Amino acid sequence: MKQLECRNVCVNYENTEAVKDVSFSVEEGDYICIVGENGSGKSTLLKAILGLEPIKFGKIKFGENVSKKDIGYLPQQSIIQKDFPASIWEVVLSGCLNNKGIHPFYSKKEKQKAEENINKLGLNDIKYKSYQELSGGQRQRVLLARALCATKKILLLDEPIAGLDPKVTKEMYKIIKKINQEGITIIMVSHDIRFALKNANKILHIRTKKEFFGLTEDYVKSDIGKTFIGGGEDA
């Protein structure tokens, strides 16, 4: 079942055309990695899907029973996120705000969902610890748990393992793969081409324009795939 379709999407960022004429579609259960050189429009495309960046031209269409409220989002880490003055429990629970509407208090169901995602990410023993005291890997797990509270269908991840050490990176990859196997569609910006080829079922390669979109096995055989895998900056 198709969950999302982008048709000829163009997006400006800081008065520059960051995304130009990009088209692709997302099926339920997909694991799509968006790859390409730095500055090629990958993060801007994610923000356009979320409505955080206005599109200049084209169309972003959601499938039946899918809306922006059904999308969880893990952005790139920032200084603001690192200094967030709250406990792990409070940060994760805040992910439920996406679907609360006008209700001022968290429901029992929302609190239960936060507990489930805290357990899923292995954070239960430290859930009342201050977010400011956490390591980089722990912060990313907290933010991933928060993003899961915001969705039942699609998860957008923007370089979720950037800056993490190899051990933590491996753990995060396993967690993301498991989330996908449990039924959540993954769309992830990644600079780790080896990881993308190992885990994603589809690759979207952009360089402002779409260079390739299709099955991972077909990307490996394509000219752009061979070039990027063999000599790209992220290979």
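This structure is a prediction, so every number in the text was calculated from the model and none was measured.
- Not one N or O on the side chain of Asn8 forms a donor-acceptor pair closer than 3.5 Å with the backbone of Gly58.
- For Lys177 (side chain) and Asn199 (main-chain N/O), a donor-acceptor pair under 3.5 Å exists by modelled atom type.
- Checked by atom type and distance alone, the side chain of Arg7 never pairs as donor or acceptor with a backbone atom of Lys59 at under 3.5 Å.
- Evaluated for a side chain to side chain contact (heavy atoms under 4.5 Å, CB included) with Val11, the options Glu53, Lys47, Lys56 yield exactly one hit, Glu53.
- We find the CG-CD distance between Asp70 and Gln3 to be 9.0 Å, quoted to the nearest 0.5 Å.
- With hydrogens and angles ignored, the 3.5 Å screen pairs no side-chain donor or acceptor of Lys2 with any backbone N or O of Gly63.
- Between Glu115 and Lys127 a salt bridge is recorded (basic side-chain N to carboxylate O distance below 4.0 Å).
- There is no path of hydrophobic side-chain contacts, each under 4.5 Å, that joins Met1 to Leu4.
- Across Glu110 and Leu93, no two heavy atoms sit closer than the pair O-CD1, 3.8 Å.
- No donor-acceptor pair under 3.5 Å is formed between the side chain of Asn12 and the backbone N or O of Ala18.
- Between the Ser87 side chain and the Lys129 main chain, no donor and acceptor come within less than 3.5 Å of each other.
- In this structure a side-chain-to-backbone donor-acceptor pair under 3.5 Å is present from Lys42 to Gly36.
- Linking Ile, Leu, Val, Met, Phe, Trp and Tyr whenever their side-chain heavy atoms come within less than 4.5 Å leaves Leu215 and Phe212 in two separate clusters.
- Side-chain atoms of Gln140 come within 3.5 Å of backbone N or O of Pro160 as a donor-acceptor pair.
- Counting only distance, with no hydrogens or angles, the side chain of Thr216 and the backbone of Asn201 share a donor-acceptor pair below 3.5 Å.
- No more than 12 heavy-atom neighbours from other residues, nucleotides or ligands sit within 6.0 angstrom of CD on Glu64.
- No side-chain heavy atom of Tyr31 sits under 4.5 Å from any side-chain heavy atom of Gln181.
- His205 and Tyr219 have tilted rings, their planes meeting at an angle from 30° to 60° on a 0 to 90° scale.
- Distance alone, capped at 3.5 Å, places no donor-acceptor pair between the Asn180 side chain and the Ile176 backbone.
- Other residues, nucleotides and ligands contribute only 12 or fewer heavy atoms inside 6.0 Å of the OH atom of Tyr13.
- Atom NE2 of His191 sits about 9.5 Å away from atom CD1 of Ile161, to the nearest 0.5 Å.
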